[in-house]
Amino acid sequence: MTDADIRELVRHGATIEAIRRHRARHGGTLLAARAAVEALRWEFTQASRPALSAFEAELDRLLRDDQKIEAIKRFREVHGVGLKEAKDAIDARAEARERRR
């Protein structure tokens, strides 16, 4: 997700409006938009957050090892979401990792 206006909404805590704009612009379900916005919010919190949880570290390891499908499966297991929502969240997390490099 590279929409500057959506990023700014998330940065300023306007999560509901960010979800609305994401859904209007990119389509998909409400859960998919929420997952994408939550992944973006996660990206912003990383600067102030000293350590990753074990689950987040596992997802990062899976992405680093090019095991995206396994990361999606684990996300679905832990969060109880559908395939599309999990894929969107993992894609957003992978994009965030790439931007930090």
Side-chain angles (χ1 to χ4, degrees):
M1 177 172 42
T2 59
D3 302 290
D5 59 331
I6 294 173
R7 292 177 66 78
E8 283 304 306
L9 287 169
V10 172
R11 186 183 313 273
H12 296 296
T15 305
I16 293 172
E17 182 59 28
I19 291 169
R20 284 184 186 140
R21 284 196 195 174
H22 185 279
R23 190 166 183 212
R25 190 168 298 147
H26 301 285
T29 66
L30 178 60
L31 284 175
R34 183 176 142 229
V37 167
E38 288 297 321
L40 185 57
R41 186 171 19 180
W42 171 86
E43 176 186 344
F44 290 136
T45 62
Q46 291 309 294
S48 62
R49 194 165 164 196
L52 295 175
S53 71
F55 176 66
E56 291 170 329
E58 178 185 4
L59 290 179
D60 286 345
R61 181 189 57 77
L62 290 169
L63 290 172
R64 220 178 13 256
D65 295 344
D66 291 324
Q67 295 182 8
K68 189 175 186 178
I69 293 172
E70 189 61 33
I72 292 169
K73 287 179 184 178
R74 287 291 295 138
F75 191 91
R76 288 186 73 193
E77 290 172 5
V78 171
H79 293 290
V81 297
L83 179 60
K84 171 99 171 90
E85 292 81 8
K87 182 184 179 306
D88 289 346
I90 294 299
D91 286 345
R93 187 178 189 96
E95 285 179 28
R97 289 186 73 248
E98 287 300 315
R99 280 194 297 272
R100 285 193 313 267
R101 285 184 178 183

* Dump the intermediate steps for side-chain contact (heavy atoms from CB on, under 4.5 Å) on Thr29 and Arg34, then the final yes or no. => CA-CA 9 Å; Thr29 66; Arg34 183 176 142 229; over 6 Å; no
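- The CG atom of Leu9 sits 12.5 Å away from atom CZ of Arg41, with the distance rounded to the nearest 0.5 Å.
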* Verdict with reasoning, Arg21 to Asp5, per salt bridge (Lys or Arg N to Asp or Glu O under 4.0 Å) -> CA-CA 9 Å; Arg21 284 196 195 174; Asp5 59 331; 3.3 Å; yes
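- Not counting sequence neighbours, Arg20 has no partner by the side-chain hydrogen bond (donor to acceptor under 3.5 Å, both in side chains) test.
- Gly28 and Arg23 get closest at one heavy-atom pair: O-NE, 3.2 Å.
- Smallest separation of non-hydrogen atoms from Ala36 and Ala92: O-CB, 4.4 Å.
- How far CG of Asp3 is from CZ of Arg25: 4.5 Å, rounded to the nearest 0.5 Å.
- Not a single donor-acceptor pair under 3.5 Å links the side chain of Arg93 to the backbone N or O of Leu59.
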* Asked: Step by step, would you call Asp91 with Lys87 a side-chain contact (heavy atoms from CB on, under 4.5 Å)?
  -> CA-CA 6 Å; Asp91 286 345; Lys87 182 184 179 306; 2.6 Å; yes
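- Criterion: ILVMFWY side-chain heavy atoms under 4.5 Å apart, direct or through other members. Under it, Ile16 and Ile6 are not part of a common hydrophobic cluster.
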* Test Lys68 against Ile90 for side-chain contact (heavy atoms from CB on, under 4.5 Å), laying out the working first. => CA-CA 8 Å; Lys68 189 175 186 178; Ile90 294 299; 4.1 Å; yes
Show me the donor-acceptor pairs within less than 3.5 Å that the side chains of residues 69-77 make with the rest of the protein, sequence neighbours left out.
residue: Arg74; atom: NE; partner: Glu58; partner atom: OE1; Å: 3.3
residue: Arg74; atom: NE; partner: Glu58; partner atom: OE2; Å: 2.8
residue: Arg74; atom: NH1; partner: Glu77; partner atom: OE1; Å: 2.6
residue: Arg74; atom: NH2; partner: Glu58; partner atom: OE1; Å: 3.1
residue: Arg76; atom: NE; partner: Val81; partner atom: O; Å: 3.2

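- Taking 4.0 Å as the cut-off between side-chain N and carboxylate O, Lys84 and Asp88 count as a salt-bridged pair.
- Legend: residues meeting side-chain hydrogen bond (donor to acceptor under 3.5 Å, both in side chains) with Thr15, ordered by chain and number and at least two apart, are absent.
- With rounding to the nearest 0.5 Å, the separation of CG in Leu62 from CD in Gln67 is 5.5 Å.
- Follow the hydrophobic side-chain contacts under 4.5 Å out from Leu40 and you reach Ile19 in the same cluster.
- Ion pair Asp60/Arg64 not flagged as a salt bridge, since none of the NZ, NE, NH1 or NH2 atoms sits closer than 4.0 Å to an Asp/Glu carboxylate oxygen.
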